[in-house]
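Each ligand, and each atom within it, is numbered from 1 in the order the structure gives.
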Amino acid sequence: MTDTPVSPAPAPAAKPAPAGPLVSAALDGPVGILTLNNGAKRNALSEELLDTFISALEGLQGHNVRAIIVRAAPGMGVWSAGHDIRELKHGAGDPLGYADPLERALRAIRACPAPVIAMIHGTVWGGALDLVLSCDMVVADETSSFAITPANLGLPYNTTGLLHFLGRLPLNLIKEMFFTATPVKAEDAARWGIINHLVPSAELETYTMGIAQGIATKAPLAVAVVKEQLRVLTDYQPVAAQVFERLQEMRRAVYASHDFQEGIDSFLEKRKPVFRGD
Ligand code: YXS
């Protein structure tokens with residue numbers, strides 16, 4: 001994948017220094033490439049990384065790109081470890097509220113006029129799976145796996161996020177993923193429909209770029225309007241105000257619970273959580 005670096009990130013040198021931007025943006029003709037670059041923290045989705053991601057995504061749109069690929073830096077065994085757990089605070093209200101940086105990034109991807117393709121080498125955890133499912137397509141290799149993990153933290157996932165899953169997977173598979181927090185391996189992810197294509201690692205970049213370049217030859221206005229129609233038709237499910245309030249009340253009890261604090265503490269103390277159910 002040959003790319004030409006674009007602003008806002010300073011043009012990376014041939015081999016960007018390890019302390020390079022958390023997310024780098026590049027152009028390969030009409031295809032934009034966003035690369036997650038925080039290997040030391042397994043591309044944990046911190047506010048800083050996500051703000052960089054959102055501005056890089058918006059920056060690419062200024063270059064009239066026709067398709068965008070989101071990837072981790074080459075050779076990383078973890079595509080993204082999900083929401084930065086160090087930024088999840090017990091007693092600070094909804095951990096996945098509308099203004100949360102991860103929620104802002106998901107909305108930016110879903111509102112981007114150009115199709116966004118997630119290219120997955122390595123493991124995907126928690127909110128990073130919601131980010132991957134917010135992309136328009138997913139191409140992955142045999143090293144990939146996909147886990148949604150609020151049950152490991154005692155965290156109440158948000159209703160918008162559940163709608164993202166309902167828009168992609170059968171209910172029984174969503175329940176298995178949320179209730180067990182077990183990573184879904186590449187073969188099953190392909191069979192379940194989490195990913196569009198499962199390709200060998202050696203072909204992942206070429207295959208993904210091939211799809212992106214194919215899209216880039218199509219009428220961009222027609223592609224963008226279908227993307228927006230599908231977003232509106234899937235994201236806006238009518239929910240009665242009283243029902244929404246009841247769900248929020250249930251979530252409030254969970255994110256105020258001892259178990260949520262235990263989930264965060266156990267991760268930071270690198271030990272297994274002991275959930276008491278209160
Ligand atoms: O100890 P240092 O400072 O070197 O940092 C370690 C980890 O603490 C850090 N790190 C993270 N920091 C914040 N948030 C994270 N999610 C996170 N994940 C990792 O990265 C450094 C290297 O981690 P280490 O030593 O564990 O790497 P590894 O290669 O042995 O293991 C990679 C993972 C991904 C298997 C392991 O790091 C892991 O299990 N991470 C947590 C994955 C996870 O549960 N993610 C869900 C986050 S919560 C979320 O996304 C949603 C809100 S929800 O809960 O609803 O799904």
Open item on the list: With heavy-atom distances below 4.0 Å as the criterion, list the atoms of ligand 1 near Leu155.
Closed with: 52 (C), 55 (O)
TODO: For atom 8 (O) of ligand 1, decide whether some protein heavy-atom distance is shorter than 4.0 Å.
DONE: yes
Task: Mode of Leu153 contact toward ligand 1 - side chain, backbone, both, neither (heavy atoms, under 4.0 Å) - done: side chain
Task: Geometric cation-pi criterion Arg107 and Tyr98, 6.0 Å radius, 45° cone - done: yes
Task: Heavy-atom proximity to atom 24 (P) of ligand 1, best of His83, Arg42, Arg86 - done: Arg42
Open item on the list: Going by a strict under-4.0 Å cutoff (protein heavy atoms only), does atom 13 (C) of ligand 1 have a neighbour on the protein?
Closed with: yes
Task: Closest to atom 45 (N) of ligand 1 (judged by heavy-atom distance), picking from Ser46, Ala81, Gly82, Pro150 - done: Ala81
Open item on the list: For Ala44, which part has a heavy atom under 4.0 Å from ligand 1: side chain, backbone, both, or neither?
Closed with: side chain
Open item on the list: Closer than 3.5 angstrom, by distance alone: can the side chain of His90 be matched with the main-chain N or O of Ser257 as a donor-acceptor pair?
Closed with: yes
Open item on the list: Let me confirm one number: the OH-CG distance from Tyr207 to Asn196, rounded to the nearest 0.5 Å.
Closed with: 8.5 Å
Open item on the list: Within this structure, what is the SG-NZ distance for the pair Cys112 and Lys227, rounded to the nearest 0.5 Å?
Closed with: 4.5 Å
- [ ] Show which atoms of ligand 1 fall inside a sub-4.0 Å distance from at least one heavy-atom site of Lys270.
- [x] 1 (O)
- [ ] For Thr149, counting its heavy atoms only, list the atoms of ligand 1 lying under 4.0 Å from any of them.
- [x] 44 (O), 45 (N), 46 (C), 54 (O), 56 (O)
- [ ] Run the numbers for me: atoms of ligand 1, each under 4.0 Å from some heavy atom of Gly127, listed by number.
- [x] 49 (C), 50 (O), 51 (C), 56 (O)
